[in-house]
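A, B, ... follow the sequence lines: proteins, then strands. Residue 1 opens every chain.
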Number of protein chains: 2
Amino acid sequence: MDIRRQVGLNVQRIRRSRGWSQEELAFESGLHRTYISGIERGARNPTVTVLRALADALGVGPGRLLDDGPPETASP
Amino acid sequence: MDIRRQVGLNVQRIRRSRGWSQEELAFESGLHRTYISGIERGARNPTVTVLRALADALGVGPGRLLDDGPPETASP
DNA sequence: ATGTGACTTCAAGTCCGTG
DNA sequence: CCACGGACTTGAAGTCACA
């Protein structure tokens with residue numbers, strides 16, 4: 001699994017769980033709307049500072065954006 | 001805490017725990033010697049694909065390199 | 001609301017070296 | 001073995017018009 005793709009999926013999933021549009025996430029993170037779009041599609045190769053901005057906006061740890069497993073697959 | 005600094009500390013700590021020199025890590029990860037040096041000092045802003053290469057070489061999950069807490073400070 | 005190609009600017013990443 | 005600098009090439013950052 002390409003890690004850029006993984007980051008894109010994670011960002012998109014968490015963003016949607018917040019009920020946000022790409023535009024809203026763009027605003028919250030201080031990044032451009034189309035840049036968010038590119039990241040979610042795995043077309044971009046973001047740096048750690050960008051991951052940080054995204055993670056802060058989404059309210060998760062930066063490492064969460066690189067994780068393989070979805071969110072918490074709650075295995076009780 | 002600047003995330004670049006955090007990445008640098010994590011990489012350095014894990015690398016040393018493997019008993020590797022920067023050159024060895026450079027070889028294992030396919031990156032350049034001086035670039036590893038720059039990352040460990042927090043002077044560089046690596047991309048997710050680089051994090052992946054480093055994580056693979058070090059045998060940890062990519063998210064580990066962004067974590068705040070050291071490794072496992074085993075608090076029993 | 002989002003995907004996409006094109007674009008400019010600046011840093012990612014390589015390679016040479018020095019102390 | 002590592003920190004650090006300079007010069008270089010490639011690609012990321014950041015933005016736009018349009019579909």
- Task: List the steps and the verdict of salt bridge (Lys or Arg N to Asp or Glu O under 4.0 Å) for B:E24 and B:R15.
- Result: CA-CA 9 Å; B:E24 283 170 307; B:R15 172 178 66 79; over 6 Å; no
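- Here the separation of C:dA1 from D:dC18, taken at their C1' atoms, is 14 Å to the nearest Å.
- The residue among B:A43 and B:T34 whose nearest nucleotide of DNA chain C lies closer to the 5′ end is B:A43.
- In this structure, A:I39 CD1 and A:T34 OG1 are separated by 10.0 Å, a value rounded to the nearest 0.5 Å.
- Note on A:I36: nothing from the nucleic acid sits closer than 4.0 angstrom, heavy atoms only.
- Between B:F27 atom CZ and D:dC1 atom C1' the separation is 18 Å, expressed in whole Å.
- Atom pair B:E40:CD and C:dG13:C1' shows a separation of 16 Å (rounding to whole Å applied).
- The structure places CD of B:E23 at 6.0 Å from CZ of B:R33, a figure rounded to the nearest 0.5 Å.
- Across the protein-nucleic acid pair, B:R44 atom CZ and D:dA13 atom P stand 15 Å apart, rounded to whole Å.
- Side-chain contact between A:L54 and A:I36 is present, with at least one heavy-atom pair separated by less than 4.5 Å.
- Comparing atom distances between the A:S21 side chain and each of C:dG13, D:dC1, C:dA1 picks out C:dA1 as nearest.
- Residue contacts shown for A:S37 include a base, since a base heavy atom lies under 4.0 Å away.
- One interatomic measurement links the two molecules: CG of A:L25 to P of C:dG3, which rounds to 12 Å at whole-angstrom precision.
- Contact between the side-chain N/O atoms of A:T47 and the OP1/OP2 oxygens of C:dA12 is not found at any separation under 4.0 Å.
- At a cut-off of 3.5 angstrom, counting only N and O atoms as typed in the model, there is no donor on one side facing an acceptor on the other between the side-chain of A:R33 and the base of C:dA1.
- Among the heavy atoms of the strands lying under 4.0 Å from A:Q22 are primed sugar atoms or P, OP1, OP2 only; no base atom is included.
- B:H32 places its NE2 atom 15 Å from the P atom of D:dT9, with the value rounded to the nearest Å.
- The OH atom of A:Y35 sits 18 Å away from the P atom of C:dT9 (whole-angstrom rounding).
- No more than 12 heavy atoms of other residues, nucleotides or ligands lie within 6.0 Å of CZ in A:R5, so this atom counts as exposed by the packing criterion.
- At D:dC4, one or more side-chain N or O atoms of B:R41 fall inside 4.0 Å of OP1 or OP2 (strictly under the cut-off).
- Put simply, CD on A:E23 is 18 Å from P on D:dG14, counting in whole angstrom units.
- In terms of phosphate contacts, A:N45 brings a side-chain nitrogen or oxygen within less than 4.0 Å of OP1 or OP2 of D:dA12.
- In this structure, B:Q12 atom CD and D:dA3 atom P are separated by 7 Å, rounded to whole Å.
- Within 4.0 Å of B:R15, counting heavy atoms only, lie sugar-phosphate atoms of the nucleic acid but no base atom.
- For the pair B:T49 and B:G38, nearest-nucleotide mapping onto DNA chain D gives the more 5' position to B:G38.
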